Asker: 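Just passing along the structure, written as structure tokens.
By convention in this document, chain letters (A, B, ...) are assigned in the order of the sequence lines, proteins followed by strands, and residues within each chain are numbered from 1. The analysis underlying the following values was restricted to heavy atoms, covering all of them including side chains, and did not include hydrogens, waters or symmetry mates. Since we're looking at a predicted model, the values are computed, not measured.
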Amino acid sequence: MRLSHSLVPTLKEIPAEAQIASHRLMLRAGLVRQTAAGIYAWLPAGLRVLTAIGQIVREEQNAAGAQEMLMPTIQSAELWRTSGRYDAYGPEMLRLKDRHGRDLLYGPTNEEMITDIFRSSVKSYRELPQNLYHIQWKFRDEVRPRFGVMRGREFLMKDAYSFDLDYEGAVVSYRRMMLAYMRTFQRLGLKAIPMAAESGPIGGNLSHEFIILAPTGESAVYYDAAFEKNDYMGDAFSHDSPADLERFFALMTGSYAATDEKHDAGAWADVAEKREGRGIEVGHIFYFGTKYSEPMGLSVAGPDGRSVAPHMGSYGIGVSRLVGAIIEASHDEAGIIWPDSVAPWRAAILNLKSGDATCDALCESLYAKFAGQALYDDRAERAGAKFADADLMGHPWQIIVGPRGAATGMVELKRRASGERVEMPVDAALAKLL
RNA sequence: CGGGGCGUGGCGCAGCCUGGUAGCGCGCGUGUUUUGGGUACACGAGGCCGCCGGUUCGAGUCCGGCCGCCCCGACCA
């Protein structure tokens, strides 16, 4: 993208309504604009980040054998009456009526819907297990939206639903999702820790929430240093091996980790390498058995011919919340520091002297080679303004092209995270980044 | 939902107490200047002062109602 003709409205001053770092930076870097309390429009740069995060989530869900689908945002009240949640859910649920006076709702989650869809087609235990997910906008009418996209009313969420014949199978599905989550967060450049959690309004008795470490996080966390050292991406654990998943689960639950609410001073005393920090919840997984399959009449024929209610679980990741959470975990005074995996562009090309024939030509040729993966700052701005905006927007790399070096085919490469700047020939810079 | 605060050019704010024709900084446009960390100067564009009603000769300012947004708390992916 050429910055001169792009909607990336960066702000020098801090908007009055934004209190926390990620919210301020998302507004200042031109990622989002608020359109109503807790509701945001995603501008081009912000959407690219949202899409990048969604793609990593998608790849890891697929790798774990989950199937992507897409369910609607609007649901019928009828469906929610079958589980009893239409009345139970409370004012957090946004309720609507269509022109015929029928009760509808903007979905806060999709257990009823997936159960309904699943029961109409799946009739035999031979078709289990299955896991279905979608990445869709949800709405929860929070009493008090705040912290920008971290606690919005409308939010993008990945939610998956597993169906197994019995408890033993459901536990394997649950552990598999846990592994997928740890891999997802690692790829997003985050340190994540699963913590035993209350199952909340969704119900059930096996539940973990995933906290990512960020200095400005909402709650204090206490954990074993082991969590900082684990690598989930190699082939130490396979999604296809129940034994691997059991070992993985033991690793995750064997070390101490708790938020301040559940902190246990006694158990904490025994932890060899203690770590304290702050964290943000970005995911939550539940096993809830037959809570929905039973009342909603989802059953399949078992091996003995008798019908059984499948055991279910649901698994959420707050995709839009992650944008804010990543910024909370990765920023400095100058702006955002995007991890390479989610940056809107791999690099920004800073033309320090737009209009200079040598600089222009060099930048154009660089820009073409990136094939859409670079943001070209071709504005008629001063060098200082371009540096400031590039730092604010957090591009992992800046390719600085100035008249000084351009004449001899030299550019400067700046790594946003470290601040390190190295001058090198154009080809060397390209080789490093492409 | 309880408590508090704020709505004035795109952004950040002053003006309101003590009514009298709307101002500052940034940003934006034009020109000159400058040219590797938000350059300087000049000129210029841009405002139903959140909305509705009331008081008054006159309302951004006073009174009433409404709407919106933010903060603290309770609550949550």
Asker: Suppose you measure atom C1' in B:rA22 against the same atom in B:rG4; what distance do you get, rounded to whole Å?
Answerer: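 To the nearest whole Å, 30 Å.
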
Asker: Using a heavy-atom cut-off of under 4.0 Å over every strand shown, decide if A:R421 touches base, sugar-phosphate, or nothing.
Answerer: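 A:R421: base contact, heavy atoms under 4.0 Å.
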
Asker: What nucleotide among B:rA74, B:rG36, B:rA77 has an atom nearest to a side-chain atom of A:V143?
Answerer: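 Nearest to the side-chain atoms of A:V143, counting from C-beta on, is B:rA74.
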
Asker: At under 4.0 Å between heavy atoms, what does A:A36 touch on the DNA or RNA strands: base, sugar-phosphate, or nothing?
Answerer: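 Answer is sugar-phosphate: A:A36 comes under 4.0 Å of backbone atoms only.
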
Asker: Just to be sure I understand the rule, does A:R28 reach a base, reach only the sugar-phosphate, or reach nothing, if contact means heavy atoms closer than 4.0 Å?
Answerer: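 A:R28: base contact, heavy atoms under 4.0 Å.
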
Asker: Can you spot which of A:E381, A:K386, A:R379 makes a side-chain hydrogen bond (donor to acceptor under 3.5 Å, both in side chains) with A:S354?
Answerer: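 Testing each of A:E381, A:K386, A:R379 against A:S354, the sole residue satisfying side-chain hydrogen bond (donor to acceptor under 3.5 Å, both in side chains) is A:K386.
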
Asker: State whether A:Q34 places a side-chain N or O below 4.0 Å from either non-bridging phosphate oxygen (OP1 or OP2) of B:rC70.
Answerer: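 So the side-chain polar atoms of A:Q34 do come within 4.0 Å of the phosphate oxygens OP1 or OP2 of B:rC70, strictly under.
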
Asker: Are A:R102 and A:E78 side-chain neighbours, meaning at least one heavy-atom pair lies under 4.5 Å?
Answerer: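 No; the side chains remain at least 4.5 Å from each other.
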
Asker: If we take the C1' atom in both B:rC28 and B:rG36, what is their distance in whole Å?
Answerer: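 Looking at atom C1' only, B:rC28 and B:rG36 are 25 Å apart.
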
Asker: Using the P atoms only, state how far B:rC13 lies from B:rC1, rounded to an integer number of Å.
Answerer: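 So the two P atoms sit 28 Å from each other.
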
Asker: Can you tell which of B:rC26, B:rC72, B:rU35 lies closest to the side chain of A:R146?
Answerer: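 Out of B:rC26, B:rC72, B:rU35, the nucleotide with an atom closest to A:R146's side chain is B:rC72.
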
Asker: Judged by each residue's nearest nucleotide on RNA chain B, which is more toward the 5′ side, A:G38 or A:Q398?
Answerer: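 The answer here is A:Q398.
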
Asker: What distance, rounded to whole Å, do you find between the two C1' atoms, one in B:rA40 and one in B:rU34?
Answerer: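 The answer is 8 Å between these two C1' atoms.
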
Asker: Over how many whole Å does the gap from A:E381 atom CD to B:rG29 atom P extend?
Answerer: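 Rounded to the whole Å, the gap is 9 Å.
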
Asker: Counting any heavy atom closer than 4.0 Å, what does A:I14 reach on the DNA or RNA strands: base, sugar-phosphate only, or nothing?
Answerer: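 Sugar-phosphate, backbone atoms only, no base.
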
Asker: Could you tell me how far apart A:F147 (CZ) and B:rC69 (C1') are, to the nearest whole angstrom?
Answerer: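 Going from A:F147 (CZ) to B:rC69 (C1'), I get 16 Å.
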
Asker: Calculate the interatomic distance between A:E142 atom CD and B:rC75 atom P; express it in whole Å.
Answerer: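 Rounded to the whole Å, the gap is 13 Å.
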
Asker: Starting from P on B:rG12, measure out to CG on A:L11 and report it in whole angstrom.
Answerer: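 About 8 Å, once rounded to whole Å.
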
Asker: Could you state the CZ-P distance from A:R382 to B:rC28, rounded to the nearest angstrom?
Answerer: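 After rounding, the reported distance stands at 13 Å.
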
Asker: Heavy atoms under 4.0 Å, any strand shown: does A:G152 hit a base, just sugar-phosphate, or nothing?
Answerer: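 Contact class for A:G152: base.
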
Asker: Does A:K12 have a side-chain nitrogen or oxygen under 4.0 Å from the phosphate oxygens OP1 or OP2 of B:rG38?
Answerer: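 False: A:K12 side-chain N/O out of range (4.0 Å or more) of B:rG38 OP1/OP2.
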
Asker: For A:I317 and B:rA77, give me the distance from atom CD1 to atom C1', rounded to whole Å.
Answerer: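 To the nearest whole Å, that distance equals 11 Å.
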
Asker: Looking at B:rG12, B:rU35, B:rC69, which one has an atom nearest to any side-chain atom of A:A16?
Answerer: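 Shortest atom-to-atom distance from the side chain points to B:rG12.
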
Asker: Under a 3.5 Å threshold, yes or no: a donor from one side chain and an acceptor from the other, between A:N62 and A:E68?
Answerer: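 A:N62 vs A:E68: no donor-acceptor pair found between side chains.
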
Asker: With a non-hydrogen cut-off below 4.0 angstrom, is A:G402 in contact with a base, only sugar-phosphate, or nothing?
Answerer: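 Base: the residue A:G402, judged by heavy atoms under 4.0 Å, touches a nucleobase.
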
Asker: What nucleotide, of B:rG38, B:rG36, B:rC69, holds the atom closest to the side chain of A:A37?
Answerer: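 Ranking B:rG38, B:rG36, B:rC69 by closest atom to the A:A37 side chain puts B:rC69 first.
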
Asker: Let me know, please, whether A:T35 or A:L392 comes out on the 5' side of the other along RNA chain B by nearest nucleotide.
Answerer: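 Whichever sits nearer the 5' end wins; that is A:L392.
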
Asker: Side chain of A:E17 only, heavy atoms from C-beta on: which candidate in B:rG12, B:rC1, B:rG37 is closest?
Answerer: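 That would be B:rG12.
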
Asker: Heavy-atom distance under 4.5 Å between the side chains of A:N131 and A:Y315, does that happen here?
Answerer: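 A side-chain contact exists here, since the closest heavy-atom pair is under 4.5 Å.
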
Asker: If we call it a pair only when both distances are under 3.5 Å in a Watson-Crick or G-U wobble match, what pairs with B:rU35?
Answerer: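 In the structure as shown, B:rU35 has no Watson-Crick or wobble partner.
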
Asker: Once you apply the 3.5 Å cut-off to both distances, tell me the Watson-Crick or G-U wobble partner of B:rG7, or none.
Answerer: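 When the pairing criteria are applied, B:rC67 turns out to be the nucleotide that pairs with B:rG7.
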
Asker: A:E13 has a side chain; which of B:rC11, B:rC76, B:rA74 sits nearest to it?
Answerer: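 Closest of the options to the side chain of A:E13: B:rC11.
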
Asker: Using Watson-Crick or G-U wobble geometry with both distances under 3.5 Å, which nucleotide pairs with B:rC13?
Answerer: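 Here B:rC13 is engaged in a pair, and the nucleotide opposite it is B:rG23.
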
Asker: Using atom C1' of each nucleotide, how far apart are B:rG25 and B:rC67 to the nearest Å?
Answerer: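 Pairwise C1' distance, B:rG25 against B:rC67, rounds to 30 Å.
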
Asker: Answer yes or no on whether A:R183 is positioned over the face of A:Y232, meaning its NZ or CZ is under 6.0 Å from the six-membered ring centre and within 45° of the axis.
Answerer: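 Negative - A:R183 is either too far from the ring of A:Y232 or too far off its axis.
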
Asker: With respect to the side chain of A:F155, which nucleotide from B:rA77, B:rC1, B:rU34 is positioned closest?
Answerer: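 Output: B:rA77.
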
Asker: Which base sits across from B:rG73 as a Watson-Crick or G-U pair, both distances under 3.5 Å?
Answerer: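 Checking every strand shown, B:rG73 finds its partner in B:rC1, with both distances under 3.5 Å.
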
Asker: Considering every strand shown, what is the Watson-Crick or G-U wobble mate of B:rA42 when both distances are under 3.5 Å?
Answerer: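 When the pairing criteria are applied, B:rU30 turns out to be the nucleotide that pairs with B:rA42.
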
Asker: Looking only at atom C1', what distance separates B:rC76 and B:rC6, rounded to whole Å?
Answerer: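 Each nucleotide's C1' atom is 26 Å from the other's.
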
Asker: Hey, are A:S314 and A:E111 close enough side-chain-wise for a donor-acceptor pair under 3.5 Å?
Answerer: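 Side chains of A:E111 and A:S314: pair found under 3.5 Å.
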
Asker: Tell me whether the side-chain N/O atoms of A:R404 come closer than 4.0 Å to OP1 or OP2 in B:rU35.
Answerer: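 Answer no for this pair, as no side-chain N or O of A:R404 is under 4.0 Å from OP1 or OP2.
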
Asker: Do we see a donor-acceptor contact under 3.5 Å between the side chains of A:Y292 and A:R85?
Answerer: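 Yes, A:R85 and A:Y292 have a side-chain donor paired with an acceptor closer than 3.5 Å.
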
Asker: Describe the nucleic acid contact of A:D391 in one word from base, sugar-phosphate, nothing, applying a heavy-atom distance below 4.0 Å.
Answerer: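 Touches a base.
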
Asker: In whole Å, what is the span from the CE atom of A:M195 to the C1' atom of B:rA77?
Answerer: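 To the nearest whole Å, that distance equals 16 Å.
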
Asker: For B:rG46 versus B:rU39, give the span between their C1' atoms, rounded off to a whole number of Å.
Answerer: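 After rounding to an integer number of Å, I get 25 Å for this pair.
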
Asker: At 4.0 Å (heavy atoms only), tell me whether A:L352 reaches a base, stays on the sugar-phosphate, or touches nothing.
Answerer: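 Base contact.
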
Asker: For A:K432, I'd like to know if atom NZ has over 12 heavy atoms of other residues, nucleotides or ligands within 6.0 Å.
Answerer: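 Open: at most 12 neighbouring heavy atoms sit under 6.0 Å from NZ of A:K432.
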
Asker: Between atom CG in A:D377 and atom P in B:rG38, what is the gap in whole Å?
Answerer: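 Going from CG in A:D377 over to P in B:rG38 covers 15 Å.
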
Asker: Suppose you measure atom P in B:rG7 against the same atom in B:rG12; what distance do you get, rounded to whole Å?
Answerer: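 Result for the P pair: 12 Å, nearest Å.
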
Asker: Other residues, nucleotides and ligands only: do more than 12 of their heavy atoms fall within 6.0 Å of CD on A:E246?
Answerer: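 Check fails, neighbour count at 12 or below.
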
Asker: To the side chain of A:A383, which of B:rG36, B:rC70, B:rG12 is closest?
Answerer: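 Of the options given, the side chain of A:A383 lies nearest B:rG36.
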
Asker: Just compare B:rG37, B:rA77, B:rG36 and give me whichever is closest to any side-chain atom of A:K414.
Answerer: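 Of all the options, the side chain of A:K414 is nearest to B:rG37.
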
Asker: For the side chain of A:R151, counting heavy atoms from C-beta on, which of B:rC75, B:rC69, B:rG38 is nearest?
Answerer: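 Nearest to the side chain of A:R151 among the choices is B:rC75.
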
